[in-house]
Amino acid sequence: MVIWFKVRYAYDKVDIDNYKGIIKINNTLAVWKNSRWEITYKSSDVKKINFLVTEVKDFTYNLTTVDNLVGKVEVIWDRITIADKSLDKRINVGENVKIFFKLKSEYDNEIVKEGEVYIDNIKANFDYKNNTWYIFASSDTVTKKDFGITKVNWKKFNITAINPYSLENKTSVIWDSIRVVNYYSDFSRVEKGREIKIYVGLVYSYDNETLGINDIVYINETRANFDENSKLFYITFKSDEVNKYLFKVSKVISTKNITLIEDKVGGISVIFDEIIIEQYLNYNENLKQYQILVRLVYYYDKSIVNNAEVYINETKANYLGNGFYGLYYEKLSSNVNVDVKIKVEGFKEIIKNVTLHLTTEIPKITETTTQTYTTQTLTNNTMTGIITTGITSTELYKTYPSETERSTNLQLYLVYIIAIIVLIALISYFYFKKR
């Protein structure tokens with residue numbers, strides 16, 4: 001900075017220039033320049049200095065007395081520093097946030113109100129009520145961003161310097177959401193009236209931090225509990241009716257004030273159901289074997305049960321397709337009494353004793369992958385014979401002709417034989433007649 005003074009003779013107001021003498025300002029020899037006496041002074045520290053003429057040497061008249069009519073020149077070296085700022089925040093994706101800084105003089109703490117201030121290279125506005133410079137910011141994606149003062153011009157004093165520590169003094173904002181990682185249920189299909197648990201895992205999208213016991217989560221508007229071992233939230237639920245239910249996170253109140261839910265999983269469905277049980281006794285005419293069949297169908301959507309364990313008189317039946325489980329017997333009466341035990345995941349074990357009557361009116365059995373089976377002998381109080389627990393031919397998985405159909409087929413066969421005999425007789429007759 002240039003500090004300057006003009007010195008004159010008091011009598012005739014003639015300037016004392018470098019030909020007439022020399023002067024010192026604050027004991028520093030001044031330079032005659034721009035028709036005045038100047039020194040240049042620079043300070044790296046915030047401070048105030050008073051400058052005045054400390055010595056005059058007059059070459060013309062040898063005058064030494066100085067009458068200081070202007071007094072001292074007061075100069076303050078100053079810079080701007082941050083007095084306050086908005087706190088670091090974590091907010092929902094898409095939300096607007098106000099970023100503000102309060103600026104002051106480092107020398108005497110005067111608030112900076114005039115001029116231009118840029119926050120993150122965005123020109124800021126001044127809030128006269130709170131004496132702060134501010135901008136608004138938002139993000140549509142999960143991210144973290146730091147905001148700081150990037151430029152300032154305090155036009156009242158033309159101060160542009162900023163305390164370097166203030167430049168490092170920034171405020172950060174995290175735009176975040178709560179992400180559903182997965183849903184889990186004890187069963188996807190369960191017996192009506194049975195109580196099950198529905199679990200959900202939640203994390204913050206920004207840093208994958210897991211929500212915990214101090215967070216509040218609602219699943220289908222029911223407040224969930226927190227399982228410390230699995231780090232999952234859960235609710236218990238049961239239905240006494242056959243129905244399908246969709247479970248989703250409906251609300252979250254987190255300790256980080258994030259409420260936005262990102263659920264790309266879309267929830268989890270559970271069917272509360274019953275099992276329809278059908279029993280058949282069929283006779284395979286070709287193999288001369290009886291076939292005991294148990295068919296399992298879900299009541300809710302009439303879909304087949306293909307993952308059950310079915311036991312007929314304690315012997316595990318083979319899955320044949322289309323919900324059928326069956327065993328084959330060589331010797332069996334047309335009416336039999338059997339014990340059936342059924343195990344299906346999510347359902348209580350079903351045990352029933354049924355009497356089967358020979359019938360051919362059964363649904364179509366879909367052919368399944370060919371398997372290798374074994375044959376064993378069974379003896380109990382209800383049946384005696386050979387139990388075929390498996391067979392390689394898919395022919396056994398088909399429904400065979402009824403008694404009526406077999407009778408009709410026999411009649412046609414006899415007609416066909418008679419027709420052949422008549423034809424042979426006619427050929428013989430005409431042959432011998434020509435002879």
Exercise. Should Asn243 and Phe272 be marked as a side chain to side chain contact (heavy atoms under 4.5 Å, CB included) after you check the CA-CA gap, both sets of side-chain angles, and the distance that decides it?
Worked result: CA-CA 5 Å; Asn243 209 341; Phe272 288 81; 5.7 Å; no
For this session: Decide whether Asp301 and Ser303 meet the rule of one side-chain donor and one side-chain acceptor closer than 3.5 Å.
Result: yes
For this session: Check whether any side-chain heavy atom of Val173 lies under 4.5 Å from a side-chain heavy atom of Lys145, and answer yes or no.
Result: no
Exercise. In terms of ring plane angle, is the pair Tyr234 and Tyr199 parallel, tilted or perpendicular, where the classes change at 30° and 60°?
Worked result: tilted
Exercise. Is atom NZ of Lys251 surrounded by more than 12 heavy atoms (other residues, nucleotides or ligands) closer than 6.0 Å?
Worked result: no
Problem set entry | CD/Glu349: more than 12 non-hydrogen atoms of other groups inside 6.0 Å | yes
Exercise. Is it true that atom CD of Glu38 has more than 12 heavy atoms of other residues, nucleotides or ligands lying nearer than 6.0 Å?
Worked result: yes
For this session: Go through the side-chain N and O atoms of Lys104 and Asn109 and say whether any donor and acceptor fall under 3.5 Å apart.
Result: yes
Exercise. Taking atom CD of Glu314 as the centre, does the number of heavy atoms from other residues, nucleotides or ligands within less than 6.0 Å exceed 12?
Worked result: no
Exercise. What distance do His357 atom NE2 and Gln279 atom CD have between them, rounded to the nearest 0.5 Å?
Worked result: 11.0 Å
For this session: For residues Phe233 and Leu202, determine if any side-chain heavy atom of one lies less than 4.5 Å from a side-chain heavy atom of the other.
Result: yes
For this session: Step through the shown structure and confirm whether more than 12 heavy atoms of other residues, nucleotides or ligands are within 6.0 Å of NZ on Lys170.
Result: no
Problem set entry | Non-hydrogen atoms of Lys89 and Lys98 that approach each other most closely | NZ-O, 4.4 Å
For this session: Drop me the distance from Ile80's CD1 to Ile111's CD1, to the nearest 0.5 angstrom.
Result: 11.0 Å
Problem set entry | Donor-acceptor under 3.5 Å (Thr81 side chain, Glu106 main chain) | no
Exercise. Do any N or O atoms from the side chain of Asn322 and from the backbone of Ile304 form a donor-acceptor pair under 3.5 angstrom?
Worked result: no
Problem set entry | Asn163 side chain vs Tyr165 backbone, donor-acceptor pair below 3.5 Å | yes
Problem set entry | Which atom of Tyr206 lies closest to which atom of Asp176, heavy atoms considered | N-OD1, 2.9 Å
Exercise. Could you go step by step and tell me if Thr255 and Asp215 meet the side-chain hydrogen bond (donor to acceptor under 3.5 Å, both in side chains) rule?
Worked result: CA-CA 6 Å; Thr255 54; Asp215 299 297; 3.3 Å; yes
Exercise. Hey, do the aromatic rings of Phe237 and Tyr245 have their centres closer than 6.0 Å?
Worked result: yes
For this session: Ignoring hydrogens and angles, state whether a donor on the side chain of Asn257 or Arg90 is under 3.5 Å from an acceptor on the partner side chain.
Result: no
Exercise. Is there side-chain contact between Val217 and Phe226, with heavy atoms separated by less than 4.5 Å?
Worked result: no
Exercise. Does any N or O in the side chain of Asp108 come within less than 3.5 Å of the main-chain N or O of Glu110, such that one atom is a donor and the other an acceptor?
Worked result: yes
Exercise. Quick one: NZ on Lys85 to CD1 on Ile99, what's the gap to the nearest 0.5 Å?
Worked result: 10.0 Å
For this session: Just do the side chain to side chain contact (heavy atoms under 4.5 Å, CB included) check on Ile178 and Val203 with the steps written out, would you?
Result: CA-CA 6 Å; Ile178 292 171; Val203 299; over 6 Å; no
Problem set entry | Ser138 side, atom OG; Asn92 side, atom CG - distance, nearest 0.5 Å | 12.5 Å
Exercise. Has Phe136 got more than 12 heavy atoms of other residues, nucleotides or ligands less than 6.0 Å from its CZ?
Worked result: yes
Exercise. Side chains of Ser185 and Ile198: does their closest heavy-atom pair fall under 4.5 Å?
Worked result: yes
Exercise. Under 3.5 Å, is there a donor-acceptor pair between the Thr355 and Asn337 side chains?
Worked result: yes
For this session: Can you establish whether the number of heavy atoms outside Asp140 located under 6.0 Å from its atom CG is more than 12?
Result: no
Problem set entry | Flag side-chain contact, heavy atom, 4.5 Å: Leu211 against Tyr204 | yes
Exercise. Are a donor atom and an acceptor atom from the side chains of Tyr311 and Glu309 found within less than 3.5 Å of each other?
Worked result: yes
Problem set entry | Intermediate values then yes/no, salt bridge (Lys or Arg N to Asp or Glu O under 4.0 Å), Lys123 and Glu116 | CA-CA 7 Å; Lys123 190 173 182 179; Glu116 294 180 344; 3.6 Å; yes
Problem set entry | Ring-face cation contact, Tyr298 with Arg189, 6.0 Å cut, 45° max | yes
Exercise. Has Lys264 got more than 12 heavy atoms of other residues, nucleotides or ligands less than 6.0 Å from its NZ?
Worked result: no
Exercise. Pick one: which of Tyr107, Phe157, Tyr41 meets ring pair (Phe, Tyr, Trp, His ring centres under 6.0 Å) with Trp77?
Worked result: Tyr41
Exercise. How long is the span from the CG atom in Leu232 to the OH atom in Tyr183, to the nearest 0.5 Å?
Worked result: 12.0 Å
Problem set entry | Trp133 side-chain N/O to Val112 backbone N/O, donor-acceptor pair under 3.5 Å | yes
Seminar exercise, completed: For Asn282 and Leu358 the tightest heavy-atom approach is C-CD1, 3.9 Å
Problem set entry | Criterion side chain to side chain contact (heavy atoms under 4.5 Å, CB included) on Thr28 and Ile3, from CA distance to verdict | CA-CA 11 Å; Thr28 299; Ile3 312 298; over 6 Å; no
Exercise. Can you find a heavy atom in the side chain of Phe187 that is under 4.5 Å from one in the side chain of Phe347?
Worked result: no
Problem set entry | Check: Val53 and Asn68 side chains under 4.5 Å, non-hydrogen atoms | no
Problem set entry | Ser166 versus Ile162, closest heavy-atom pair with distance | CB-CG2, 4.1 Å
Seminar exercise, completed: Taking every heavy atom of Ser205 against every heavy atom of Val142, the minimum-distance pair comes out as CB-CG2, 3.8 Å
Seminar exercise, completed: CG (Leu103) and CH2 (Trp154) are apart, to the nearest 0.5 Å, by 10.0 Å
For this session: Apply the test side chain to side chain contact (heavy atoms under 4.5 Å, CB included) to residues Lys288 and Tyr283: give CA-CA distance (whole Å), side-chain angles for both, the deciding distance (0.1 Å), then the verdict.
Result: CA-CA 7 Å; Lys288 306 301 181 184; Tyr283 183 73; 3.4 Å; yes
For this session: Provide the closest heavy-atom pair for Leu293 versus Gly326 in the form atom of the first, atom of the second, distance.
Result: CD2-CA, 4.0 Å
Exercise. Quick one: does Val97's side chain get under 4.5 Å of Trp175's, heavy atoms only?
Worked result: yes
